[in-house]
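All remarks here apply to the structure that follows.
Only this structure's heavy atoms are used, side chains among them; waters, hydrogens and symmetry mates stay out. Source: prediction; values computed, not measured.
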Amino acid sequence: MLSAILSVALVLGTITAIPSVMMAVRDQLYSIVLTDVLAIGWLVALWRWRTLSFTARSWNFLLIVYGVGVFFLFKVGPVSQIYLMAVPVLAALLLGLRPAIFVLVLNAVTLISIGYAFDINLQFDRYHDRPFLRWVIITLNFTFISSVITVSCAVLLRRLEESLRKHLQISLSLQAEQKSLKHANEELRLISAAVENLNDMVMITDNNLNENGPHLVFVNKAFERSTGYSRDEAIGSNLEMLYGPNSDIHEIHRIRSAMSTRHAIRSEIISYTKSKEEFWLEVDIRPINNHQGVCTHYVAIERDITDRKKAELDIYRLAFFDVLTGLPNRRLLRDRMSVQLANAQRTGNFSAVLFIDLDHFKTINDARGHATGDILLIEVANRLSHLLREVDTVARIGGDEFVVLVDSLDSHIEIAGKLALTIAEKIRHALSQDFLINDQNYSSSCSIGVSLMPKAGQNVDDLLRESDTAMYRAKSAGRNQIAFFEGNMQTEVEHRLTLERDLAKALEQNELQMVMQAQVNYAGVAVGAELLMRWHSKERGMVSPAIFISLAEESGLIVKLGDWVLSEACNILKSLQLEGHHFPLSINVSPKQFRQKDFVDKVTATLAAQEISGKNLIFEVTEGLFIDNLQETIARMSKLSALGIRFSIDDFGTGYSSLNYLKRLPLYELKIDKSFVQDIPGDANGTAIVGSILSMAKQFGLKVVAEGVETEEQANYLIANDCDSMQGFLYSRPTAPDVWMANQIQVKAQLQA
């Protein structure tokens with residue numbers, strides 16, 4: 001700035017000095033010429049002398065202007081004040097306010113002292129007689145104007161300086177920020193290039209866990225290559241766009257839970273490409289927090305580990321599975337048997353080991369070759385796998401030998417043995433069916449040895465040895481047989497299995513029939529009847545319902561028998577109505593039959609086929625029906641009630657007696673179990689129970705049927721306590737419907753006579 005001022009002053013001063021020097025030479029005023037030349041020379045020296053300090057050069061410049069002003073005060077007069085006025089202004093500009101004030105004082109002293117001492121003529125005509133007062137007035141006015149201009153310039157320059165300093169700081173800060181931003185942009189460019197070219201998939205989502213979020217905001221090229229989705233297709237979707245039917249739902253919930261709590265999570269999960277091809281992903285998801293610690297995004301690094309998983313699976317299969325059939329091998333079987341044996345010893349539930357050996361397999365192998373034999377083994381493995389539950393294990397331990405581990409049969413050894421034999425018989429029957437291999441049928445059979453666990457001191461080797469021994473016993477008995485290692489149980493379970501087979505054939509051979517037992521009122525008049533099933537076997541004679549009904553329940557045959565009972569009941573009901581007997585018939589419906597999904601449809605179809613209403617049908621159900629899925633049971637009963645069917649609780653008081661279901665279910669009547677009726681009126685406890693049931697039924701508006709009435713005393717007590725109807729040998733025995741109707745005709749004839 002000083003150099004610029006010196007340059008301007010030198011140029012303008014030279015231009016001003018030329019005419020002044022010329023006039024001074026003409027007028028022979030050589031002092032003016034000398035002063036101008038000295039001033040110009042001094043300016044030139046200051047302009048060129050750059051090594052001199054800024055302060056020294058500034059004071060020299062001020063001294064030149066001051067000297068010229070003082071000289072002109074002598075020679076010119078009023079013009080000098082212009083130069084003197086410029087000195088403090090320049091001092092304020094170059095050096096600041098304090099030097100400017102000093103120069104103001106110097107100017108004032110110079111004016112009043114030199115002007116008064118030398119009586120300088122400034123063309124101020126007043127106070128010629130008082131010269132000192134005259135110069136005081138001139139000095140004050142000059143100083144006032146100079147001060148105002150100087151201070152104004154100083155304040156303006158100070159503020160300008162502060163503003164420039166701030167702008168300089170801002171400029172320096174912006175330069176630093178620009179440099180930092182440039183560095184950050186370069187770093188970001190490198191990171192972006194690295195992420196884009198990674199082989200691992202990188203996905204970034206927002207933190208919106210609602211509205212089917214979080215949503216993807218970035219995916220790299222590896223994502224597009226691996227999944228087949230373009231970036232535009234992915235942005236806005238969520239991470240679950242890669243999941244499918246075989247993705248582990250537990251792992252998905254674990255990932256969601258971790259993200260909802262802002263935690264990092266690592267997982268391995270089956271994923272799907274756009275073309276629905278499966279591949280394994282190793283997923284590493286981490287939250288991204290801002291400087292305040294608030295999660296703003298999630299980053300997911302995902303790696304395709306399909307090859308690794310396939311290798312792991314291959315190693316696992318080679319170690320634990322049979323290469324030909326894909327079934328567990330001996331090693332995995334022993335592990336599972338160890339676990340199951342420990343579990344059986346802890347819980348007391350019996351399990352079974354079935355050792356299966358194919359009969360005459362070597363003959364097929366030798367005659368048709370090992371390829372045909374291998375296909376047969378694969379087919380055997382498939383049949384065994386489809387027969388059993390997921391919790392059971394089917395293993396091939398070598399050659400044509402298979403082992404089945406059946407889990408948790410029952411806590412009673414007799415029942416467990418029966419169930420094991422049932423399963424073994426199903427396997428024997430399945431493997432005795434022909435195998436179609438290369439358009440040719442091959443017949444086969446198997447011998448099965450069965451051993452139960454746990455026993456005291458029993459281990460895995462014992463189990464395999466026992467079941468193997470039992471299998472050889474079956475082979476020695478003629479093959480295609482089942483043998484238990486426990487000899488004393490063999491006869492009983494075989495008898496039960498034979499009985500089950502015969503019961504399954506009883507319907508086809510017309511060995512089952514329905515009988516009816518009347519339900520009478522206080523006057524002995526039939527107001528209803530219960531239909532009961534009887535089995536007259538051609539080989540066994542009459543089989544007790546206590547035996548074959550429980551067997552049907554355990555084996556599942558009860559559903560088929562129940563359908564037959566329903567159809568027979570509709571036929572009998574139709575025949576009764578044709579003969580003029582209009583009262584309801586009761587039939588027993590088992591819980592297993594009632595819980596069949598198509599039970600209501602079957603009932604509806606049967607009623608429609610027989611063209612009868614359900615108003616004269618009563619379904620007797622046991623209290624065990626109400627233990628599980630009560631809401632579903634109520635809904636199903638309501639649908640049947642809409643058909644006119646009424647419900648009765650059989651054997652009331654012997655099972656799950658609860659007032660809760662009595663008030664919620666659409667019930668019609670209760671049947672007092674004969675175990676209570678046989679004790680009245682002599683037994684106080686039995687009498688109290690029957691009385692309570694009668695009283696309670698009346699409160700709920702339910703009818704009551706007392707079954708097992710065999711004596712007059714029992715009947716009199718029930719009649720006296722307002723029992724609606726009674727059933728038992730006192731009034732009638734179970735009779736075939738046609739016989740019952742014939743008896744009724746005879747009774748009517750006798751009454752008319």
Side-chain angles (χ1 to χ4, degrees), residues 517-532 545-546 549 583-591 594 617-631 633-634 636-638 640-641 645-732 734:
Q517 187 175 28
Q519 297 171 348
V520 302
N521 61 12
Y522 68 94
V525 178
V527 293
E530 180 181 5
L531 293 178
L532 304 167
I549 293 296
F583 54 75
L585 291 181
S586 300
I587 61 172
N588 290 280
V589 177
S590 77
F594 185 88
L617 270 180
I618 297 177
F619 285 176
E620 293 189 6
V621 295
T622 58
E623 295 168 298
L625 178 65
F626 313 126
I627 296 177
D628 298 321
N629 299 323
L630 184 58
Q631 292 299 329
T633 300
I634 293 173
R636 193 163 294 179
M637 290 177 70
S638 298
L640 293 169
S641 296
I645 295 171
R646 291 172 286 181
F647 287 91
S648 172
I649 299 182
D650 196 14
D651 302 331
F652 183 77
T654 61
Y656 176 68
S657 300
S658 170
L659 298 181
N660 180 50
Y661 74 73
L662 285 181
K663 66 181 182 180
R664 296 177 63 185
L665 296 172
L667 297 175
Y668 171 70
E669 70 179 18
L670 305 178
K671 291 193 75 172
I672 303 176
D673 187 65
K674 63 182 179 181
S675 62
F676 300 134
V677 174
Q678 67 185 10
D679 295 330
I680 60 173
D683 182 74
N685 292 331
T687 303
I689 291 173
V690 172
S692 298
I693 293 174
L694 290 169
S695 176
M696 180 179 60
K698 185 179 294 184
Q699 294 295 324
F700 281 99
L702 299 176
K703 300 290 184 181
V704 178
V705 177
E707 58 182 354
V709 180
E710 298 180 357
T711 67
E712 291 288 347
E713 291 79 7
Q714 294 168 351
N716 291 336
Y717 174 83
L718 293 168
I719 293 170
N721 286 274
D722 297 327
C723 182
D724 297 289
S725 57
M726 295 160 286
Q727 176 182 342
F729 289 166
L730 178 63
Y731 299 103
S732 68

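With rounding to the nearest 0.5 angstrom, the CD atom of Q699 is 12.0 Å from the CG atom of L694. Between the CG atom of L667 and the NZ atom of K703 there is a distance of 14.5 Å, given to the nearest 0.5 Å. Taking CG of L625 as the reference point, atom CG of L665 lies at 8.5 Å (rounded to 0.5 Å).
Side-chain contact between I618 and E669 is present, with at least one heavy-atom pair separated by less than 4.5 Å. Using a 4.5 Å heavy-atom threshold, the side chains of M726 and Q519 count as separate. You'll find the side chain of S725 stays beyond 4.5 Å of the side chain of Y731, heavy atoms only. When side chains are defined from C-beta on, N685 does not count as touching D679, because their heavy atoms never get closer than 4.5 Å. The shortest distance between side-chain heavy atoms of M637 and F619 does not fall below 4.5 Å. In this structure, the side chains of F652 and K671 stay at 4.5 Å or more apart for every pair of heavy atoms. Between L718 and V690 the shortest side-chain heavy-atom distance falls below 4.5 Å. L702 has its side chain out of reach of I649: every pair of non-hydrogen atoms, C-beta onward, lies at least 4.5 Å apart.
For residues 712-728, the salt bridge (Lys or Arg N to Asp or Glu O under 4.0 Å) pairs, not counting sequence neighbours, are K698-D722.
Counting heavy-atom neighbours within 6.0 Å of Y522 OH, excluding the residue itself, gives a total of 12 or less.
Taking both residues in full, the closest heavy atoms of S641 and F647 are given as OG-CE1, 3.8 Å, listed atom of the first, atom of the second, then distance. When all heavy atoms of P591 and T622 are compared, the pair lying nearest together is CG-OG1, 3.9 Å. Nearest heavy-atom pair, P584 versus R646, reported as atom, atom and distance to 0.1 Å: CB-NH2, 3.6 Å. Across all their heavy atoms, V704 and C723 have their closest contact at O-SG, 3.8 Å. I693 approaches L670 most closely through the heavy-atom pair CG2-CD1, 4.4 Å. Smallest separation of non-hydrogen atoms from F594 and R636: O-NH1, 2.7 Å.
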- prompt: Going through the distances and angles, do N588 and E530 end up as a side chain to side chain donor-acceptor pair (under 3.5 Å)?
  reply: CA-CA 8 Å; N588 290 280; E530 180 181 5; 3.1 Å; yes

Taking it one step at a time, do K674 and E707 satisfy salt bridge (charged side-chain N to carboxylate O under 4.0 Å, His left out)?
CA-CA 5 Å; K674 63 182 179 181; E707 58 182 354; over 6 Å; no

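With hydrogens and angles disregarded, a donor-acceptor distance shorter than 3.5 Å links the side chain of Q517 to the backbone of S732. At least one donor-acceptor pair closer than 3.5 Å links the side chain of N521 to the backbone N or O of V525. Using a distance-only test at 3.5 Å, with no hydrogens or angles considered, a donor-acceptor pair links the side chain of T687 to the main chain of D683.
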